[in-house]
Amino acid sequence: MILIKIYDFFNKIGIFKFYEKMLEREINKKNVPKHIGVIMDGNRRMAKIMGDKPIRGHYIGAKKVREFVGWCVGLNIKIITLYSFSLENFNRPKDEVDELMDLFEREFRKIADDKDVHKYKIHIKAIGRIELLPERVREAIDYAENKTKDYDNYFVNVAIAYGGQQEIVDAIKKIAQKIKNNEMDVEDITVETISKHLYTSHLPHPNPDLIIRTSGEERISNFLIWQSSYSELYFCETYWPKFRKIDFLRSIRDYQRRQRRFGK
């Protein structure tokens, strides 16, 4: 709570805004990631610090998503993949899961009608084992996807009921079925073959250049494990609901300072 008060104080006197402008001048807008993945961690811990229920942190985190997308559009970062709900998250207390499903339903419908989504022509898609979600959430996802299906300026993917290992299993099952149907041979299986059967195959740049994880945890947690083979990783101490534009700009600056070799 003390740290939150300190943050609010410095925010009021404009120090963060000054630093933000300084960081913006350092960013090379011709060398930004094409695709950013985000592990949005820390919602529940933020709520605990506030003395509130976990769902409060998730609601604040949902608002942060809209801010984050705006920051990416501002730098012309074309693709964002957000890790919002893992398959393991279904094991959380039923009340919390039910409240999260209500939140997802609301947010998918809200983003589908967001004027900026249509202004910037943002393609919305949910990736994961969508069939495991309640019908009301699936209907909201369909609503958002159908209203944005013709857009291709930007792509926002929401990983929900998602697991990276399970994504690979699903891809292998699709390939195995094609082999069974004599549509392809075993010898046809390559890295590209598997990539084309993953949830991200619809993207012009399916592999994230940069993955950001908030809350201080330093692991991938089964997120885009095939696609992240050569991703740059950036770990931030800030909880997702308090993730600031300066944290975002620092991650981009850090990315631009690295030399990407892709194993060469």
Do [X] and [Y] come within less than 4.5 Å of each other through their side chains, counting heavy atoms only?
X	Y	value
Y255	Y234	no
C72	V69	no
Y239	S215	yes
I160	F104	yes
M184	T193	yes
L249	E24	yes
I36	D209	no
I175	I189	yes

**Message:** Assess the residue pair H35 and F155 against the criterion (ring pair (Phe, Tyr, Trp, His ring centres under 6.0 Å)); give the C-alpha distance rounded to whole Å, side-chain angles, the decisive distance to 0.1 Å, and a yes or no.
**Reply:** CA-CA 9 Å; H35 182 174; F155 296 82; 9.4 Å; no
**Message:** For N157 and Y199: C-alpha separation, side-chain torsions, deciding distance, then whether side chain to side chain donor-acceptor pair (under 3.5 Å) applies.
**Reply:** CA-CA 10 Å; N157 311 292; Y199 303 151; over 6 Å; no
**Message:** The criterion is salt bridge (Lys or Arg N to Asp or Glu O under 4.0 Å); which residues satisfy it with E217, sequence neighbours excluded?
**Reply:**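 Result, salt bridge (Lys or Arg N to Asp or Glu O under 4.0 Å) vs E217: R45, R219.
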**Item:** For R25, all residues meeting salt bridge (Lys or Arg N to Asp or Glu O under 4.0 Å), sequence neighbours excluded
**Value:**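 Residues passing salt bridge (Lys or Arg N to Asp or Glu O under 4.0 Å) with R25: none at all.
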Can you give the donor-acceptor pairs under 3.5 Å from side chains of residues 53-61 to other protein atoms, not counting sequence neighbours?
from: K53; atom 1: NZ; to: E99; atom 2: OE2; distance (Å): 3.1
from: H58; atom 1: ND1; to: N43; atom 2: ND2; distance (Å): 3.3
from: H58; atom 1: NE2; to: E96; atom 2: OE2; distance (Å): 3.1

Side-chain donor/acceptor of [X] to backbone N/O of [Y], under 3.5 Å:
X	Y	answer
E26	R253	no
T148	I124	yes
H123	Y151	yes
N181	K178	no
D185	E187	no
D247	R244	yes
S231	P208	yes

**Request:** Give a yes or no on this: more than 12 heavy atoms of other residues, nucleotides or ligands lie within 6.0 Å of atom CD of E131.
**Result:**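 Yes, the 6.0 Å shell around CD holds more than 12 heavy atoms from other groups.
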Using 0.5 Å steps for rounding, measure from the [atom1] atom of [X] to the [atom2] atom of [Y].
X	Y	atom1	atom2	result
S201	I194	OG	CD1	13.0 Å
F248	E67	CZ	CD	11.5 Å
Q256	K30	CD	NZ	12.5 Å
L133	E105	CG	CD	11.5 Å
I27	K29	CD1	NZ	9.5 Å
I111	H118	CD1	NE2	9.5 Å

**Item:** Residue pairs involving residues 107-127 (criterion salt bridge (charged side-chain N to carboxylate O under 4.0 Å, His left out); sequence neighbours excluded)
**Value:**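 For residues 107-127: R66-E107, D113-K147.
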Ion pair [X]/[Y], N-O distance below 4.0 Å:
X	Y	result
R136	E139	no
D254	R257	no
D170	K174	no
D98	K94	yes

**Request:** With sequence neighbours excluded, tell me which residues meet side-chain contact (heavy atoms from CB on, under 4.5 Å) with L132.
**Result:**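 Checked L132 against side-chain contact (heavy atoms from CB on, under 4.5 Å); matches are L87, F90, R129.
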Starting from [Y], can I reach [X] by hopping between I/L/V/M/F/W/Y residues whose side chains sit under 4.5 Å apart?
X	Y	answer
I39	L103	no
F85	M40	yes
V156	I211	no
V97	I130	yes
L82	W71	yes

Distance-only donor-acceptor hits, side chain of residues 220-228, under 3.5 Å, sequence neighbours excluded:
from: S221; atom 1: OG; to: R213; atom 2: NH1; distance (Å): 2.7
from: N222; atom 1: OD1; to: G164; atom 2: N; distance (Å): 3.1
from: N222; atom 1: OD1; to: Q165; atom 2: N; distance (Å): 2.8
from: N222; atom 1: ND2; to: Q166; atom 2: OE1; distance (Å): 3.2
from: W226; atom 1: NE1; to: S195; atom 2: OG; distance (Å): 3.1
from: Q227; atom 1: NE2; to: E167; atom 2: OE1; distance (Å): 3.4
from: Q227; atom 1: NE2; to: E167; atom 2: OE2; distance (Å): 3.0
from: Q227; atom 1: NE2; to: T200; atom 2: OG1; distance (Å): 2.9
from: S228; atom 1: OG; to: L224; atom 2: O; distance (Å): 2.8

**Request:** Please report the C-alpha distance between W240 and F68 in whole Å, then the side-chain angles of each, then the deciding distance to 0.1 Å, and finally whether the ring pair (Phe, Tyr, Trp, His ring centres under 6.0 Å) criterion is met.
**Result:** CA-CA 10 Å; W240 174 250; F68 184 83; 5.7 Å; yes
**Item:** Y143 ring center within less than 6.0 Å of F108 ring center
**Value:**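 Ring-ring flag for F108/Y143: false, centres at least 6.0 Å apart.
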**Prompt:** Has K64 got its NZ or CZ under 6.0 Å from the middle of the six-membered ring of F243, at an angle within 45 degrees of the ring axis?
**Reply:**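 No - K64 does not lie over the ring of F243 by the 6.0 Å and 45° rule.
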**Asked** Can a donor-acceptor pair be found between the side chains of Y154 and N76 at a distance below 3.5 Å?
**Response**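 Yes, N76 and Y154 have a side-chain donor paired with an acceptor closer than 3.5 Å.
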